[in-house]
Amino acid sequence: MAFETINVEVDDHVALIKLNRPEALNALNTQLLGELCEALEEADANDKVRCVVITGSEKAFAAGADIKEMSEKSFVDVFTENLFANAIDCIAGIRKPIIAAVAGYALGGGCEVAMACDFIIAADTAKFGQPEINLGVIAGMGGTQRLTRAVGKSKAMDMNLTGRFMDAEEAERAGLVSRVVPAKKLLEEAMGAAQKIAEKSMPSTLAAKEAVNRSYEVTLAEGLLFERRVFHSMFATEDQKEGMGAFLEKRQPQFRDK
Ligand code: CAA
């Protein structure tokens with residue numbers, strides 16, 4: 001499928017999706033969000049793909065939702081079309097792991113798309129923010145919810161109320177990103193992490209993602225029970241025998257996703 005606002009390459013079991021609207025710092029318009037969702041759904045359905053990396057340019061992962069496209073919309077417009085709901089739910093609903101590789105600006109919807117991925121690897125040039133307050137609105141794709149869960153109330157309030165940006169170092173300290181790397185190494189590091197994930201057994205990869213995500217939705221007791229049941233169910237797979245057997249035989253496992 002040919003896309004106009006993103007580039008997609010599949011290499012060695014990893015789908016690399018590059019947001020590509022350089023003239024607008026990858027601002028998320030309807031076309032880009034639609035293409036991103038389509039590419040993610042294709043990757044999820046493609047047996048060759050075992051992990052996805054989403055990235056932007058050196059200057060911007062994405063500078064937010066497209067302000068030009070939104071500016072003239074009325075309440076009835078955005079309410080009726082349920083603006084951004086499909087796009088962000090689509091990203092969060094993908095079953096395979098997604099890494100956001102962020103350099104430069106990840107603002108507003110850009111920060112929210114990154115947070116809807118499974119984890120964020122940031123270049124030392126990354127800047128995160130929820131500056132919607134400067135536009136007379138608030139975050140609308142998870143910036144008051146996912147950010148609060150990631151960094152806690154105080155910092156989330158600070159970001160959402162002042163609209164200030166957080167640099168990569170602060171984002172790592174706060175737990176928003178999993179690691180910070182030199183900008184030149186960003187893609188290498190993200191693709192390396194994706195390759196590592198791609199080597200695992202797919203059933204355990206999907207189960208681990210589901211179990212971590214469950215922790216956002218349920219009480220600790222319910223989450224622990226869910227985890228235990230899924231852990232027990234992994235013993236029904238051939239890959240559990242292979243993984244543990246390989247350890248005992250001091251060799252690398254050959255997982256078969258069975
Ligand atoms: N939407 C549309 N166009 C955007 C954009 C956006 N979010 N962000 C940048 N652009 C465009 C600019 O209009 C400019 O286009 P022109 O050359 O045609 O004028 C081009 O990208 C380059 O931008 P700047 O000249 O502003 O670049 P800069 O280096 O001076 O500043 C910036 C960079 C600080 C990121 C600045 O562009 C900026 O503040 N952008 C807007 C950030 C923002 O408010 N994001 C939140 C959007 S609302 C949202 O996301 C809602 C939600 O929660 C879902």
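Each ligand, and each atom within it, is numbered from 1 in the order the structure gives. Sequence positions, counted from 1, serve as the residue numbers for this chain.
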Chemist: Stepwise, does the salt bridge (Lys or Arg N to Asp or Glu O under 4.0 Å) test hold for Arg256 with Glu238?
Modeler: CA-CA 8 Å; Arg256 296 171 57 232; Glu238 290 176 16; 3.0 Å; yes
Chemist: Would you please say whether a donor-acceptor pair under 3.5 Å links the side chains of Glu35 and Thr5?
Modeler: yes
Chemist: Side chains of Glu69 and Thr30: donor-acceptor distance under 3.5 Å anywhere?
Modeler: yes
Chemist: Identify, chain by chain and in numerical order, each protein residue with a heavy atom under 4.0 Å from an atom of ligand 1.
Modeler: Glu23, Ala24, Leu25, Ala27, Lys59, Ala63, Gly64, Ala65, Asp66, Ile67, Lys68, Met70, Phe84, Tyr105, Leu107, Gly108, Gly109, Glu112, Pro131, Glu132, Leu135, Ala139, Gly140, Met141
Chemist: Among Asp257, Thr205, Asp12, which residue satisfies the side chain to side chain donor-acceptor pair (under 3.5 Å) criterion with Arg50?
Modeler: Asp257
Chemist: Using the rule given for salt bridge (Lys or Arg N to Asp or Glu O under 4.0 Å), can you reason through Glu23 versus Arg21, listing the C-alpha separation, both sets of side-chain angles and the distance that settles it, and then say yes or no?
Modeler: CA-CA 6 Å; Glu23 71 286 359; Arg21 288 189 73 212; 3.7 Å; yes
Chemist: From Asn20 CG over to Glu4 CD, what is the distance, rounded to the nearest 0.5 angstrom?
Modeler: 11.0 Å
